[in-house]
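Encoded as structure tokens, the structure appears first; notes follow it.
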Number of protein chains: 2
Amino acid sequence: MDMPTSPGVSDNCRRMSSVLSLVGDKWTVMIVMVLVERPRRFNDIKRTIGGISQQMLTRTLKALDRDGMVSRTVHPTVPPQVEYALTGLGHSLAEPLRALGAWAGAHLEEIDGNRLRYDLVRRVAPDAGR
Amino acid sequence: MDMPTSPGVSDNCRRMSSVLSLVGDKWTVMIVMVLVERPRRFNDIKRTIGGISQQMLTRTLKALDRDGMVSRTVHPTVPPQVEYALTGLGHSLAEPLRALGAWAGAHLEEIDGNRLRYDLVRRVAPDAGR
DNA sequence: CGGAATCCCGCTGGATACTG
DNA sequence: CAGTATCCAGCGGGATTCCG
């Protein structure tokens with residue numbers, strides 16, 4: 001039986017697990033969002049993100065380079081300068097990422113309220129006798 | 001046309017970190033993608049995802065319930081039946097998530113190729129005589 | 001069947017120090 | 001400035017067991 005509109009739940013699962021190994025990493029997403037504007041140098045990225053250790057920055061950038069998401073350009077100057085830029089692939093990822101960010105901005109407050117309410121209800125107990 | 005002042009770099013970062021605490025969890029995304037089709041019961045979800053421990057399923061579902069992303073309906077039958085369904089909020093998240101999944105489907109092979117190429121270059125590079 | 005509690009291992013990822 | 005190497009704490013998350 002052909003499923004035109006619902007092409008397989010478990011199929012989507014596999015696909016999602018793949019993409020999650022990418023975007024599941026918070027630093028990956030951060031870096032992509034930072035570089036989507038313009039290319040930046042190592043410490044520039046580090047400062048902009050603020051809160052990332054240089055080890056994680058190195059690791060993540062290397063992974064992104066490996067995936068072909070960012071390009072790494074070394075300028076053989078006296079103090080070595082390395083510039084990172086999003087590739088076309090990287091930019092293409094930035095789009096759905098931005099959609100996710102937009103969703104977050106639109107619903108984070110609502111979620112926060114939900115959590116508060118949920119916690120209140122559970123704290124004060126279901127209150128059987130009222 | 002984007003915002004002229006582009007104030008959103010570090011601003012986006014904060015937003016992203018928020019959303020990442022949600023979707024950064026692979027199981028959260030999985031469950032949402034599974035429930036986007038139709039409501040399901042506990043073990044139904046577990047079987048469909050396949051590979052999730054019941055502990056993580058319980059945890060994640062509770063978190064999603066707390067966030068107001070899924071509704072939890074207990075049917076007081078003899079063997080207790082609990083049905084989980086996406087709320088409107090949950091469905092709204094599913095959309096950007098699906099966009100991400102679509103991106104993955106479109107680019108995963110490309111990424112895989114990039115990785116292979118990258119690894120080849122790095123492997124053989126240092127010293128081929130060994 | 002749905003869920004809670006316990007145990008425990010492995011990886012993530014931060015801090016630090018060293019190199020080119 | 002850019003990058004590597006080491007150490008190590010935290011917790012994510014799996015397996016198992018028990019309860020309603």
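By convention in this document, chain letters (A, B, ...) are assigned in the order of the sequence lines, proteins followed by strands, and residues within each chain are numbered from 1. All values reported here derive from a predicted model rather than from experimental measurement. Heavy-atom basis, side chains included; hydrogens, waters and symmetry copies ignored.
- For A:R41, taking side-chain heavy atoms from C-beta onward, the closest of the listed nucleotides C:dA4, C:dG2, D:dA2 is D:dA2.
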Give me, pair by pair, the N or O atoms of the protein and of nucleotides 18-20 of chain D that are less than 3.5 Å apart, along with how far apart they are.
none

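- If you take CD of B:E83 and C1' of C:dG2, they are 14 Å apart, rounded to a whole angstrom.
- Residues A:L64 and A:I31 share a closest heavy-atom pair of CD1-CG2, 3.8 Å.
- Residue pairs that meet the side-chain hydrogen bond (donor to acceptor under 3.5 Å, both in side chains) test with at least one member in residues 69-79 of chain A, sequence neighbours left out, are A:R72-A:Y84.
- Taking all atoms of both residues into account, the shortest heavy-atom contact from B:T87 to B:V70 is CG2-C, 3.7 Å.
- Scanning both residues, A:L35 and A:I45, for their nearest heavy atoms gives CD2-CD1, 3.9 Å.
- Straight-line distance from the CD1 atom of B:I45 to the C1' atom of C:dG2: 11 Å, rounded to whole Å.
- The listed nucleotides are D:dG3, C:dG14, C:dA4; the one nearest the side chain of A:S53 is C:dG14.
- A:R40 has its CZ atom 15 Å from the P atom of D:dC1, to the nearest Å.
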Do any N or O atoms of the protein come closer than 3.5 Å to N or O atoms of nucleotides 9-12 of chain C, and which pairs are they?
none

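- In the hydrophobic clustering of this structure, B:Y118 does not group with A:V82; members are Ile, Leu, Val, Met, Phe, Trp, Tyr whose side-chain heavy atoms approach within less than 4.5 Å, directly or through other members.
- Closest approach of B:N114 to A:D67, counting heavy atoms only: ND2-O, 2.8 Å.
- Between the side chain of A:T60 and the backbone N or O of A:T28 there is no donor-acceptor pair closer than 3.5 Å.
- At whole-Å resolution of the value, NZ in A:K62 and P in C:dG13 are 16 Å apart.
- Atom NE2 of A:H75 is separated from atom P of D:dG3 by 12 Å (rounded to the nearest Å).
- A:K26 has its NZ atom 13 Å from the P atom of D:dC11, to the nearest Å.
- Positionally, the nearest nucleotide of DNA chain D for A:P79 lies more toward the 5' end than for the other of A:T58 and A:P79.
- A side-chain contact (heavy atoms from CB on, under 4.5 Å) with A:N43 holds for exactly one of A:R40, A:R41, A:K46; it is A:K46.
- In terms of modelled atom types and a separation under 3.5 Å, the side chain of B:W27 and the main chain of B:I52 share no donor-acceptor contact.
- Interface remark: the B:Q55 side chain does not form any donor-acceptor pair with the D:dT17 base, using a distance-only criterion of under 3.5 Å.
- Of the side-chain N and O atoms in A:Y84, one or more sit less than 4.0 angstrom from OP1 or OP2 of D:dG3.
- Rounded to a whole Å, the CG atom of A:L61 is 11 Å from the P atom of D:dA2.
- As a whole-Å value, the separation of B:Q81 CD from C:dC1 C1' is 8 Å.
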